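In what follows, a structure is listed as structure tokens, so that the remarks can point back to it.
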Amino acid sequence: MDVNLENLRKIYDDWEPEDYLNYQLCTEEGQLVSDLTLSPEHKNYWEQLSGRYHLTTVPCYIERACYRKNGNLKLLEIGCGPEIYAVIAAAQNPKIKEIKCLDFSEKFCKYVNNVACDYKSSSFPWAKLMESVLEAEIDTETYFDNFRHKFQGCSLFDMLNPPDVLEKDVDILINQECLSDCVDSLEKYKDVLKLFWNMLANEGTLIFTDYAEAKRQSFPVNGMVLETKTMFITTDWLISALEEAGFVIQETSSLLWPESYRKASRAVDDGKGIVGVRAEKWEIGSQ
């Protein structure tokens, strides 16, 4: 069993989903990062991160992926954790018919399924977060009803030891900022990218983000700071690995962390930022 994945499993088994969300998506003062904007005067590292850009990257990729597709789309997020804002937003697109999530944490799967049934079951301010990310007021009940009706559940899944029977013909597959934490070699990283390729339908879209040039992450759980190693990747290497797996790159983006953010961050100890890629699967003979 991969050492990195086992370390993460132990961390997440002890981390309550609401605590995780507050840590990842809120400032120490409790303000949603999506309400913050980038400014040279800001001292708080979340403000330097510019939460709105970070949280809207994947939803924007989803919208652009849907634009050129016909409809009745199957969307799958692997490694969703409790941060399901991207798939909640995606449910509002009429072209998306079915949404599923997969994660290796039984606790996170249970949380996601509960939120899908009733977002008010969580103490986390989901409605406020979605309004902030979209920069618009929403009809909260209709918004979450759309998600509930399209959501097919969140199930346990280990992408390093996948089952023999996989989800197939996925139209849009999402994986956000987790693969470099899970693997302990670049070859395993490439194996998972190929797994994603195999799960996609022809002309399906991979929406992928990961940490750029990071070596470790730290997590505060139950009063302790627990550390995991992170596979060091560069943007150029990632693009090359995706192309090697068979993907055609459609667009890339990067969110660079300023030096002051890297020094002050609660969530990431080093690295240059986050790289995002939208890529497509084109089999031989397709246009």
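Not measured: the values here are computed from a predicted model.
Here the closest heavy-atom approach between residue V112 and residue C80 is recorded as CG2-SG, 4.3 Å. K168 and N198 make their closest contact through NZ-O, 3.2 Å (heavy atoms, listed as atom of the first residue, atom of the second, distance). Looking at every heavy atom in both residues, K281 comes nearest to N202 through O-OD1, 3.4 Å. Nearest heavy-atom pair, S122 versus E18, reported as atom, atom and distance to 0.1 Å: OG-OE2, 3.3 Å. Nearest heavy atom pair, residue P17 against residue K107, reads CD-CD, 3.8 Å. Taking all atoms of both residues into account, the shortest heavy-atom contact from V58 to Q176 is CG2-OE1, 3.4 Å.
To the nearest 0.5 angstrom, L21 atom CG is 8.5 Å from S123 atom OG. The CG atom of D210 sits 9.0 Å away from the CD1 atom of I274 when rounded to the nearest 0.5 Å. One finds the CG atom of N146 at 11.5 Å from the CD1 atom of I96 (value rounded to the nearest 0.5 Å). Rounded to the nearest 0.5 angstrom, I84 CD1 and I174 CD1 are separated by 11.5 Å. Between atom OG1 of residue T140 and atom NZ of residue K120 there is a gap of 8.5 Å, rounded to the nearest 0.5 Å. Summarising the geometry, atom CD belonging to E83 is positioned 9.0 Å from atom CG belonging to L129; distances are rounded to the nearest 0.5 Å.
With 3.5 Å as the limit, one finds no donor-acceptor pair spanning the side chains of D19 and N22. D139 and T142 form a side-chain donor-acceptor contact under 3.5 Å, judged by distance and modelled atom types alone. Between the side chains of Y119 and E141, at least one donor N or O lies within less than 3.5 Å of an accepting N or O.
Here the side chains of C154 and L102 are not in contact, with every heavy-atom distance at 4.5 Å or above. Side-chain contact between E98 and L75 is absent, with no heavy atoms from C-beta onward closer than 4.5 Å. Using a 4.5 Å heavy-atom threshold, the side chains of L200 and D169 count as separate. Annotation: side chain of W126 is in contact with side chain of Y85 (closest heavy-atom distance under 4.5 Å). Between Q250 and V248 the shortest side-chain heavy-atom distance falls below 4.5 Å. Between L195 and M159, some side-chain heavy-atom pair lies under the 4.5 Å cut-off. Within the 4.5 Å cutoff, no side-chain heavy atoms of I78 are placed close to those of D103. A heavy-atom distance below 4.5 Å is not found between the side chains of I249 and R278.
Contacts classified as salt bridge (Lys or Arg N to Asp or Glu O under 4.0 Å) and involving residues 142-152 (residues at least two apart or in different chains) are given here: D145-R148. Screening residues 162-192 for ring-ring contact (aromatic ring centres under 6.0 Å, His included) gives Y189-W237 as the qualifying pairs, with residues at least two apart or on separate chains. The stretch residues 146-182 participates, sequence neighbours left out, in these ring-ring contact (aromatic ring centres under 6.0 Å, His included) pairs: F147-F151. Legend: side chain to side chain donor-acceptor pair (under 3.5 Å) pairs involving residues 63-73, not counting sequence neighbours, sorted by first then second residue: E63-N93, R64-E251, R68-E280, K69-T205.
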Donor-acceptor list for residues 238-247 side chains, cut-off 3.5 Å, not counting sequence neighbours:
| from | atom 1 | to | atom 2 | distance (Å) |
| --- | --- | --- | --- | --- |
| E244 | OE1 | K190 | NZ | 3.3 |

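With sequence neighbours left out, the ring pair (Phe, Tyr, Trp, His ring centres under 6.0 Å) criterion links F108 to Y12, Y20.
In terms of modelled atom types and a separation under 3.5 Å, the side chain of D171 and the main chain of K74 share a donor-acceptor contact. A donor-acceptor pair is defined here as one N or O able to donate and one able to accept, closer than 3.5 Å; no such pair exists between the side chain of T252 and the backbone of V277. A donor-acceptor pair under 3.5 Å is formed between the side chain of Q92 and the backbone N or O of I88.
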_Evaluation steps, side-chain contact (heavy atoms from CB on, under 4.5 Å), between W197 and L206_ = CA-CA 8 Å; W197 193 91; L206 173 68; over 6 Å; no

_Run the salt bridge (Lys or Arg N to Asp or Glu O under 4.0 Å) test on E77 and K100 for me, step by step, so that the C-alpha distance in whole Å, both residues' side-chain angles and the decisive distance to 0.1 Å come before the verdict._
CA-CA 7 Å; E77 180 164 10; K100 292 183 180 179; over 6 Å; no

*Does the pair Y61 and S253 meet the rule for a side chain to side chain donor-acceptor pair (under 3.5 Å), with working shown?*
CA-CA 10 Å; Y61 276 176; S253 62; 2.9 Å; yes

*Please test L76 against C101 for side-chain contact (heavy atoms from CB on, under 4.5 Å), starting from the C-alpha separation and ending with a verdict.*
CA-CA 6 Å; L76 175 69; C101 292; 6.0 Å; no

*Would I172 and I207 count as a side-chain contact (heavy atoms from CB on, under 4.5 Å) if you check the C-alpha gap in whole Å, the side-chain angles of each, and the deciding distance to 0.1 Å?*
CA-CA 7 Å; I172 300 174; I207 295 173; 3.8 Å; yes

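Under a hydrophobic clustering in which Ile, Leu, Val, Met, Phe, Trp and Tyr are joined whenever their side-chain heavy atoms come within less than 4.5 Å, directly or via other members, L156 and L160 fall into different clusters. In this structure, L186 is a member of the same hydrophobic cluster as F208, with clusters built from ILVMFWY side-chain heavy atoms closer than 4.5 Å.
The 12-atom threshold is not exceeded at NZ of K97, counting heavy atoms of other residues, nucleotides or ligands nearer than 6.0 Å.
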